[in-house]
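What follows is one structure encoded as C-alpha coordinates, with my remarks underneath.
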Amino acid sequence: MKFNTKTIHAGQEPEPTSGAVMPPIFQTSTYAQEAPNVHHGYEYARVSNPTRTALEKLIAGLEGASDCAAFASGCAAMDAMVKMFRPGDHIIASNDLYGGTYRLFTQVFEPYRITFSFIDMSDPANVEKALTGNTKMVWIETPTNPLLRIVDIKAVSDIARKAGVLSVIDNTFASPYLQNPLKLGADAVVHSTTKYLGGHSDIIGGAICTSHPDIIENMRFQVKTTGAVPGPMDCYLTLRGIKTLHVRMDRACTNAQAIVEYLTNNTDVGSVNYPGLESHPHHHVARSQMNDYGAMVSFTLKDDSVENAKKFMSCTRYFTLAESLGGVESLISHPASMTHASIPADIRKKAGLSDSLIRLSVGIEDVEDLISDLDQAFKSV
Ligand SMILES: *Cc1c(COP(=O)(O)O)cnc(C)c1O
(Lines give C-alpha, C1' and ligand atoms only; values in the text may rest on other atoms or scores of the structure.)
Protein backbone atom coordinates (compact mmCIF):
# COMPACT_ATOMS: atom_id res chain seq x y z
CA MET A 1 0.00 0.00 0.00
CA LYS A 2 1.39 3.43 -0.92
CA PHE A 3 1.23 6.38 1.46
CA ASN A 4 -1.88 8.19 0.18
CA THR A 5 -3.84 4.94 0.24
CA LYS A 6 -2.56 4.26 3.76
CA THR A 7 -3.94 7.57 5.11
CA ILE A 8 -7.39 6.25 4.18
CA HIS A 9 -7.09 2.49 4.64
CA ALA A 10 -4.20 1.57 6.98
CA GLY A 11 -5.55 -0.54 9.84
CA GLN A 12 -9.12 0.40 8.89
CA GLU A 13 -11.93 -2.13 8.37
CA PRO A 14 -15.67 -1.43 8.10
CA GLU A 15 -17.26 -1.86 11.55
CA PRO A 16 -18.37 -5.53 11.66
CA THR A 17 -21.87 -5.26 13.16
CA SER A 18 -23.20 -2.48 10.88
CA GLY A 19 -20.69 -2.12 8.06
CA ALA A 20 -20.12 1.54 9.00
CA VAL A 21 -17.26 2.78 6.82
CA MET A 22 -15.96 5.15 9.50
CA PRO A 23 -15.15 3.69 12.92
CA PRO A 24 -17.94 4.62 15.34
CA ILE A 25 -17.21 6.84 18.35
CA PHE A 26 -17.31 4.18 21.06
CA GLN A 27 -18.45 6.47 23.86
CA THR A 28 -18.21 3.94 26.67
CA SER A 29 -16.14 3.53 29.82
CA THR A 30 -16.52 -0.22 30.15
CA TYR A 31 -17.38 -3.37 28.15
CA ALA A 32 -19.65 -6.30 29.00
CA GLN A 33 -17.89 -9.62 29.65
CA GLU A 34 -19.48 -13.01 28.93
CA ALA A 35 -17.81 -14.58 31.94
CA PRO A 36 -15.05 -13.13 34.14
CA ASN A 37 -12.19 -12.36 31.75
CA VAL A 38 -14.04 -13.72 28.70
CA HIS A 39 -14.57 -10.71 26.43
CA HIS A 40 -14.03 -9.15 22.99
CA GLY A 41 -10.57 -7.82 23.83
CA TYR A 42 -11.83 -4.71 25.61
CA GLU A 43 -12.33 -4.45 29.38
CA TYR A 44 -12.10 -0.82 30.45
CA ALA A 45 -11.66 2.33 28.36
CA ARG A 46 -8.58 3.66 30.16
CA VAL A 47 -6.82 0.55 28.85
CA SER A 48 -8.30 0.53 25.35
CA ASN A 49 -11.18 1.69 23.19
CA PRO A 50 -12.00 0.56 19.62
CA THR A 51 -12.03 4.14 18.23
CA ARG A 52 -8.59 4.64 19.75
CA THR A 53 -7.41 1.27 18.40
CA ALA A 54 -8.45 2.32 14.86
CA LEU A 55 -6.48 5.56 15.23
CA GLU A 56 -3.42 3.77 16.61
CA LYS A 57 -3.37 1.30 13.73
CA LEU A 58 -3.66 4.12 11.23
CA ILE A 59 -0.78 6.18 12.67
CA ALA A 60 1.39 3.05 13.03
CA GLY A 61 0.74 2.32 9.34
CA LEU A 62 1.77 5.83 8.31
CA GLU A 63 5.03 5.66 10.25
CA GLY A 64 5.79 2.10 9.15
CA ALA A 65 5.76 1.02 12.82
CA SER A 66 4.49 -2.27 14.14
CA ASP A 67 2.44 -0.45 16.77
CA CYS A 68 1.37 2.90 18.14
CA ALA A 69 0.06 4.15 21.49
CA ALA A 70 -2.22 7.21 21.45
CA PHE A 71 -2.13 9.75 24.30
CA ALA A 72 -4.22 12.66 25.51
CA SER A 73 -1.62 15.14 24.20
CA GLY A 74 1.82 15.36 22.66
CA CYS A 75 3.13 16.33 26.10
CA ALA A 76 1.56 13.22 27.67
CA ALA A 77 3.29 11.08 25.03
CA MET A 78 6.67 12.72 25.73
CA ASP A 79 6.09 12.35 29.48
CA ALA A 80 5.51 8.60 29.04
CA MET A 81 8.64 8.27 26.92
CA VAL A 82 10.89 9.87 29.55
CA LYS A 83 9.30 7.76 32.31
CA MET A 84 11.01 4.73 30.77
CA PHE A 85 14.15 6.08 32.46
CA ARG A 86 15.36 6.21 36.05
CA PRO A 87 17.26 8.62 38.33
CA GLY A 88 20.85 8.99 37.14
CA ASP A 89 19.96 8.32 33.50
CA HIS A 90 21.07 10.92 30.97
CA ILE A 91 19.24 12.19 27.88
CA ILE A 92 20.68 14.24 25.02
CA ALA A 93 18.28 16.69 23.33
CA SER A 94 18.59 19.45 20.78
CA ASN A 95 18.92 23.01 22.06
CA ASP A 96 16.34 24.33 19.58
CA LEU A 97 13.21 22.49 20.58
CA TYR A 98 9.56 22.91 21.42
CA GLY A 99 9.25 25.05 24.57
CA GLY A 100 6.90 22.57 26.27
CA THR A 101 9.44 19.77 25.77
CA TYR A 102 12.16 21.86 27.38
CA ARG A 103 9.82 22.68 30.28
CA LEU A 104 8.89 19.00 30.75
CA PHE A 105 12.53 17.88 30.73
CA THR A 106 13.92 20.59 33.00
CA GLN A 107 11.05 21.30 35.38
CA VAL A 108 9.46 17.86 35.77
CA PHE A 109 12.25 15.34 35.19
CA GLU A 110 15.43 17.11 36.32
CA PRO A 111 14.03 17.29 39.89
CA TYR A 112 13.71 13.48 39.66
CA ARG A 113 17.43 13.39 38.82
CA ILE A 114 17.16 12.47 35.18
CA THR A 115 19.82 14.64 33.54
CA PHE A 116 19.74 16.38 30.17
CA SER A 117 22.27 17.90 27.79
CA PHE A 118 20.87 20.40 25.28
CA ILE A 119 23.15 20.60 22.28
CA ASP A 120 23.27 21.86 18.69
CA MET A 121 22.35 18.62 16.96
CA SER A 122 22.66 19.96 13.43
CA ASP A 123 26.25 18.75 13.75
CA PRO A 124 25.95 15.01 14.60
CA ALA A 125 29.50 15.05 16.03
CA ASN A 126 28.11 17.05 18.98
CA VAL A 127 25.95 14.04 19.90
CA GLU A 128 29.00 11.82 20.08
CA LYS A 129 30.73 14.36 22.33
CA ALA A 130 27.73 14.60 24.67
CA LEU A 131 27.43 10.83 25.26
CA THR A 132 28.20 9.68 28.80
CA GLY A 133 28.17 6.21 30.37
CA ASN A 134 24.66 7.01 31.64
CA THR A 135 23.14 8.23 28.36
CA LYS A 136 19.95 6.32 27.56
CA MET A 137 18.22 8.35 24.86
CA VAL A 138 18.86 10.93 22.17
CA TRP A 139 15.82 13.17 21.64
CA ILE A 140 15.72 14.62 18.14
CA GLU A 141 13.43 17.31 16.81
CA THR A 142 13.72 18.04 13.08
CA PRO A 143 12.90 20.42 11.52
CA THR A 144 13.49 22.29 14.77
CA ASN A 145 11.07 24.74 16.25
CA PRO A 146 11.13 27.66 15.51
CA LEU A 147 14.47 28.01 13.67
CA LEU A 148 13.77 25.22 11.16
CA ARG A 149 17.21 23.71 11.56
CA ILE A 150 17.66 20.20 10.25
CA VAL A 151 19.12 17.25 12.12
CA ASP A 152 20.49 14.31 10.13
CA ILE A 153 18.24 11.55 11.49
CA LYS A 154 20.24 8.68 10.02
CA ALA A 155 23.60 10.00 11.22
CA VAL A 156 22.36 10.67 14.76
CA SER A 157 20.44 7.37 14.97
CA ASP A 158 23.59 5.52 13.86
CA ILE A 159 25.63 7.20 16.60
CA ALA A 160 22.93 6.35 19.16
CA ARG A 161 22.67 2.71 18.06
CA LYS A 162 26.42 2.20 18.22
CA ALA A 163 26.39 3.60 21.76
CA GLY A 164 23.47 1.36 22.77
CA VAL A 165 21.23 4.42 23.23
CA LEU A 166 17.64 4.90 21.99
CA SER A 167 16.97 7.51 19.30
CA VAL A 168 13.54 9.12 19.47
CA ILE A 169 12.25 11.69 17.00
CA ASP A 170 9.56 14.27 17.59
CA ASN A 171 8.12 14.12 14.05
CA THR A 172 5.35 16.67 14.66
CA PHE A 173 6.70 19.36 12.31
CA ALA A 174 7.22 17.11 9.30
CA SER A 175 4.37 14.60 9.78
CA PRO A 176 4.80 11.08 8.41
CA TYR A 177 3.92 12.39 4.96
CA LEU A 178 7.20 14.26 4.73
CA GLN A 179 9.53 12.17 6.87
CA ASN A 180 9.68 8.58 8.17
CA PRO A 181 12.32 8.45 10.92
CA LEU A 182 11.90 4.71 11.60
CA LYS A 183 13.03 3.97 8.04
CA LEU A 184 16.12 6.10 8.74
CA GLY A 185 17.05 3.99 11.78
CA ALA A 186 15.26 5.76 14.65
CA ASP A 187 13.82 3.62 17.45
CA ALA A 188 10.61 5.55 18.09
CA VAL A 189 8.60 8.50 16.79
CA VAL A 190 6.57 10.90 18.92
CA HIS A 191 3.76 13.08 17.59
CA SER A 192 1.65 15.89 18.79
CA THR A 193 -1.38 14.80 16.72
CA THR A 194 -2.81 18.22 17.62
CA LYS A 195 -0.86 19.58 14.66
CA TYR A 196 -0.63 18.17 11.10
CA LEU A 197 -2.14 14.75 11.80
CA GLY A 198 -5.36 16.17 13.28
CA GLY A 199 -4.95 19.09 10.91
CA HIS A 200 -8.01 21.15 11.83
CA SER A 201 -7.06 22.82 15.13
CA ASP A 202 -9.92 21.09 16.92
CA ILE A 203 -8.28 18.46 19.16
CA ILE A 204 -5.30 17.91 21.49
CA GLY A 205 -3.61 14.53 21.13
CA GLY A 206 -0.33 12.64 21.03
CA ALA A 207 1.10 9.35 19.80
CA ILE A 208 4.20 7.16 20.04
CA CYS A 209 5.08 4.77 17.20
CA THR A 210 7.73 2.07 17.37
CA SER A 211 8.53 -1.44 16.23
CA HIS A 212 10.27 -2.32 19.52
CA PRO A 213 7.87 -4.60 21.46
CA ASP A 214 9.44 -3.61 24.83
CA ILE A 215 8.86 0.12 24.20
CA ILE A 216 5.26 -0.36 23.10
CA GLU A 217 4.60 -2.62 26.08
CA ASN A 218 6.00 0.06 28.38
CA MET A 219 3.83 2.74 26.68
CA ARG A 220 0.66 0.64 27.02
CA PHE A 221 1.49 -0.04 30.68
CA GLN A 222 1.82 3.70 31.25
CA VAL A 223 -1.38 4.55 29.38
CA LYS A 224 -3.21 2.01 31.53
CA THR A 225 -1.52 3.04 34.76
CA THR A 226 -1.28 6.83 34.55
CA GLY A 227 -4.37 7.38 32.40
CA ALA A 228 -3.37 10.14 29.93
CA VAL A 229 -5.79 8.72 27.34
CA PRO A 230 -7.45 10.52 24.45
CA GLY A 231 -11.25 10.41 24.45
CA PRO A 232 -13.08 8.54 21.68
CA MET A 233 -14.42 11.74 20.10
CA ASP A 234 -10.91 13.19 19.83
CA CYS A 235 -9.62 9.90 18.40
CA TYR A 236 -12.39 10.00 15.80
CA LEU A 237 -11.61 13.61 14.81
CA THR A 238 -7.90 12.80 14.52
CA LEU A 239 -8.67 9.77 12.39
CA ARG A 240 -10.91 11.86 10.15
CA GLY A 241 -8.25 14.56 9.88
CA ILE A 242 -5.55 12.07 8.87
CA LYS A 243 -7.56 10.91 5.86
CA THR A 244 -6.68 14.18 4.08
CA LEU A 245 -3.13 14.50 5.45
CA HIS A 246 -1.45 14.07 2.05
CA VAL A 247 -3.77 16.53 0.29
CA ARG A 248 -3.43 19.15 3.02
CA MET A 249 0.36 18.76 3.24
CA ASP A 250 0.80 19.10 -0.52
CA ARG A 251 -1.13 22.36 -0.57
CA ALA A 252 0.47 23.73 2.60
CA CYS A 253 4.00 22.99 1.29
CA THR A 254 3.24 24.62 -2.08
CA ASN A 255 1.83 27.69 -0.31
CA ALA A 256 4.85 27.83 2.02
CA GLN A 257 7.25 27.76 -0.93
CA ALA A 258 5.44 30.68 -2.58
CA ILE A 259 5.50 32.63 0.68
CA VAL A 260 9.21 31.93 1.17
CA GLU A 261 9.87 33.21 -2.32
CA TYR A 262 7.84 36.34 -1.56
CA LEU A 263 9.71 36.89 1.74
CA THR A 264 13.20 36.35 0.30
CA ASN A 265 12.46 38.95 -2.40
CA ASN A 266 11.06 41.45 0.10
CA THR A 267 13.45 44.26 1.09
CA ASP A 268 11.66 44.67 4.46
CA VAL A 269 12.72 41.15 5.51
CA GLY A 270 15.92 40.39 7.41
CA SER A 271 16.49 36.63 7.33
CA VAL A 272 14.23 33.74 6.35
CA ASN A 273 14.47 30.24 7.87
CA TYR A 274 13.15 27.48 5.62
CA PRO A 275 14.86 24.15 4.87
CA GLY A 276 13.75 24.34 1.22
CA LEU A 277 16.04 27.32 0.59
CA GLU A 278 19.25 26.32 -1.13
CA SER A 279 21.03 28.79 1.15
CA HIS A 280 19.80 26.87 4.22
CA PRO A 281 22.91 25.37 5.88
CA HIS A 282 21.42 21.86 5.92
CA HIS A 283 19.33 21.99 2.77
CA HIS A 284 21.09 18.89 1.43
CA VAL A 285 20.17 16.87 4.55
CA ALA A 286 16.55 18.04 4.31
CA ARG A 287 16.48 17.07 0.65
CA SER A 288 17.73 13.60 1.38
CA GLN A 289 15.52 12.78 4.39
CA MET A 290 12.29 14.68 3.64
CA ASN A 291 9.81 14.34 0.78
CA ASP A 292 9.14 18.09 0.85
CA TYR A 293 10.23 20.97 3.07
CA GLY A 294 7.12 21.53 5.16
CA ALA A 295 4.90 24.50 5.78
CA MET A 296 6.60 26.15 8.75
CA VAL A 297 8.55 29.32 8.02
CA SER A 298 10.22 31.79 10.36
CA PHE A 299 11.75 35.18 9.60
CA THR A 300 12.91 38.49 11.02
CA LEU A 301 12.20 42.00 9.82
CA LYS A 302 15.01 44.09 8.35
CA ASP A 303 14.10 46.75 10.89
CA ASP A 304 14.72 44.14 13.56
CA SER A 305 13.04 45.06 16.82
CA VAL A 306 10.64 43.28 19.13
CA GLU A 307 8.15 46.16 18.83
CA ASN A 308 8.11 45.98 15.03
CA ALA A 309 7.73 42.21 15.07
CA LYS A 310 4.83 42.40 17.52
CA LYS A 311 3.20 45.16 15.48
CA PHE A 312 3.53 43.07 12.32
CA MET A 313 1.81 40.12 14.01
CA SER A 314 -1.12 42.22 15.14
CA CYS A 315 -1.71 43.50 11.59
CA THR A 316 -2.37 40.25 9.72
CA ARG A 317 -5.96 39.19 9.01
CA TYR A 318 -5.78 35.69 7.51
CA PHE A 319 -2.72 34.74 9.53
CA THR A 320 -4.36 34.46 12.94
CA LEU A 321 -2.11 35.37 15.86
CA ALA A 322 -2.17 32.13 17.84
CA GLU A 323 -0.03 29.36 19.27
CA SER A 324 0.03 25.95 17.59
CA LEU A 325 0.51 24.95 13.95
CA GLY A 326 -0.39 22.39 11.34
CA GLY A 327 -4.05 23.26 10.84
CA VAL A 328 -5.81 24.17 7.61
CA GLU A 329 -5.75 27.83 8.66
CA SER A 330 -2.61 29.96 8.57
CA LEU A 331 -1.25 31.12 11.92
CA ILE A 332 1.37 33.66 12.93
CA SER A 333 3.17 33.65 16.26
CA HIS A 334 5.91 35.22 18.38
CA PRO A 335 7.94 32.27 19.73
CA ALA A 336 9.85 34.33 22.33
CA SER A 337 6.69 35.34 24.21
CA MET A 338 4.37 32.48 23.23
CA THR A 339 5.49 28.89 22.46
CA HIS A 340 9.02 29.39 23.80
CA ALA A 341 8.37 31.68 26.77
CA SER A 342 9.17 28.80 29.15
CA ILE A 343 12.78 28.74 27.89
CA PRO A 344 14.90 31.29 29.82
CA ALA A 345 15.92 34.34 27.73
CA ASP A 346 19.68 33.64 27.94
CA ILE A 347 19.21 30.05 26.75
CA ARG A 348 16.95 31.23 23.90
CA LYS A 349 19.61 33.70 22.86
CA LYS A 350 22.38 31.09 23.01
CA ALA A 351 20.34 28.83 20.71
CA GLY A 352 20.00 31.71 18.23
CA LEU A 353 16.31 32.42 18.87
CA SER A 354 15.98 36.17 18.67
CA ASP A 355 13.14 37.97 20.47
CA SER A 356 12.07 39.47 17.14
CA LEU A 357 11.59 36.18 15.30
CA ILE A 358 8.21 35.72 13.59
CA ARG A 359 6.89 32.20 12.93
CA LEU A 360 4.33 31.25 10.31
CA SER A 361 2.31 28.06 10.07
CA VAL A 362 1.18 28.21 6.46
CA GLY A 363 -2.31 26.82 5.85
CA ILE A 364 -4.17 25.77 2.75
CA GLU A 365 -5.94 29.03 1.82
CA ASP A 366 -5.41 30.66 -1.59
CA VAL A 367 -1.79 31.75 -1.46
CA GLU A 368 -2.54 35.07 -3.22
CA ASP A 369 -4.70 36.03 -0.23
CA LEU A 370 -1.99 34.98 2.21
CA ILE A 371 0.67 37.00 0.39
CA SER A 372 -1.52 40.10 0.15
CA ASP A 373 -2.20 39.72 3.88
CA LEU A 374 1.54 39.75 4.63
CA ASP A 375 1.99 42.61 2.16
CA GLN A 376 -0.46 44.86 3.99
CA ALA A 377 1.15 43.95 7.32
CA PHE A 378 4.60 45.02 6.00
CA LYS A 379 3.04 48.33 4.93
CA SER A 380 1.47 48.82 8.37
CA VAL A 381 4.73 48.40 10.33
C1 LIG B 1 2.77 21.06 20.08
C2 LIG B 1 4.01 20.30 20.13
C3 LIG B 1 4.25 19.40 21.17
C4 LIG B 1 3.30 19.21 22.33
O5 LIG B 1 2.10 18.66 21.94
P6 LIG B 1 0.68 18.95 22.63
O7 LIG B 1 -0.27 18.15 21.82
O8 LIG B 1 0.44 20.43 22.56
O9 LIG B 1 0.77 18.49 24.05
C10 LIG B 1 5.43 18.67 21.13
N11 LIG B 1 6.33 18.83 20.15
C12 LIG B 1 6.13 19.71 19.13
C13 LIG B 1 7.17 19.83 18.07
C14 LIG B 1 4.98 20.48 19.09
O15 LIG B 1 4.80 21.35 18.10
Side-chain angles (χ1 to χ4, degrees), residues 46 69 71-142 144-145 151 153 156-172 181 186-192 206-210 212-229 339-351 353:
R46 176 162 24 76
F71 288 84
S73 68
C75 283
M78 301 192 293
D79 176 72
M81 202 77 217
V82 181
K83 281 183 187 150
M84 293 207 307
F85 305 106
R86 293 292 170 262
D89 288 348
H90 174 244
I91 291 168
I92 300 172
S94 43
N95 64 356
D96 175 26
L97 91 171
Y98 178 67
T101 310
Y102 182 83
R103 181 176 56 206
L104 177 74
F105 289 177
T106 56
Q107 294 189 40
V108 175
F109 287 108
E110 276 185 349
Y112 285 101
R113 290 191 293 111
I114 292 177
T115 61
F116 295 86
S117 297
F118 298 97
I119 62 161
D120 176 3
M121 229 178 251
S122 54
D123 180 0
N126 291 338
V127 176
E128 198 128 35
K129 279 185 226 152
L131 287 166
T132 73
N134 294 325
T135 307
K136 294 284 156 55
M137 173 165 76
V138 178
W139 183 275
I140 305 164
E141 210 181 286
T142 181
T144 65
N145 179 9
V151 177
I153 297 173
V156 173
S157 302
D158 282 352
I159 292 169
R161 191 176 332 99
K162 278 186 197 128
V165 166
L166 288 181
S167 52
V168 177
I169 320 279
D170 182 337
N171 203 25
T172 301
D187 292 301
V189 165
V190 176
H191 278 288
S192 166
I208 290 177
C209 300
T210 178
H212 287 296
D214 50 333
I215 298 180
I216 203 72
E217 195 183 320
N218 191 310
M219 292 306 114
R220 293 218 181 285
F221 171 78
Q222 290 199 52
V223 162
K224 173 172 88 174
T225 308
T226 66
V229 296
T339 46
H340 290 65
S342 53
I343 301 178
D346 56 319
I347 292 181
R348 285 202 307 265
K349 206 173 209 169
K350 233 163 93 188
L353 200 182

Just so I know, are the side chains of P344 and Y102 near enough to count as touching, which here means a heavy-atom distance under 4.5 Å?
yes

Residues at least two apart in sequence or cross-chain that pass side chain to side chain contact (heavy atoms under 4.5 Å, CB included) with V229, listed by chain then number, are R46, R52, V223

Side chain to side chain contact (heavy atoms under 4.5 Å, CB included) filter on A72, not counting sequence neighbours, yields A228

Could you check T132 against N134 for side chain to side chain donor-acceptor pair (under 3.5 Å), going step by step and ending with a plain yes or no? CA-CA 5 Å; T132 73; N134 294 325; 4.8 Å; no

Contacts of N171 meeting side chain to side chain donor-acceptor pair (under 3.5 Å) (sequence neighbours excluded), chain-then-number -> E63, Q179

Taking every heavy atom of A160 against every heavy atom of V138, the minimum-distance pair comes out as CB-CG2, 4.1 Å

Applying side chain to side chain donor-acceptor pair (under 3.5 Å) to S117 and not counting sequence neighbours gives H90

Of I159, D187, T135, I91, the one forming a side chain to side chain contact (heavy atoms under 4.5 Å, CB included) with V165 is T135

Residues passing the salt bridge (Lys or Arg N to Asp or Glu O under 4.0 Å) test with R348, sequence neighbours excluded, are D355

D89 meets the salt bridge (Lys or Arg N to Asp or Glu O under 4.0 Å) criterion, sequence neighbours left out, with K136

The reported gap from CD1 in I343 to CG in L353 (rounded to nearest 0.5 angstrom) is 7.0 Å

Here the salt bridge (charged side-chain N to carboxylate O under 4.0 Å, His left out) pairs for residues 77-88, sequence neighbours left out, are D79-K83

Residue set satisfying side chain to side chain contact (heavy atoms under 4.5 Å, CB included) with A93, at least two apart, ordered chain then number -> L97, F105, F118, W139

Across all chains, not counting sequence neighbours, the ring-ring contact (aromatic ring centres under 6.0 Å, His included) partners of F85 are none

Side chain to side chain contact (heavy atoms under 4.5 Å, CB included) filter on N126, not counting sequence neighbours, yields I119, D120, D123, K129

Applying side chain to side chain donor-acceptor pair (under 3.5 Å) to R161 and not counting sequence neighbours gives D158

Those residues at least two apart in sequence (or on a different chain) that pass side chain to side chain donor-acceptor pair (under 3.5 Å) with T144 are D96

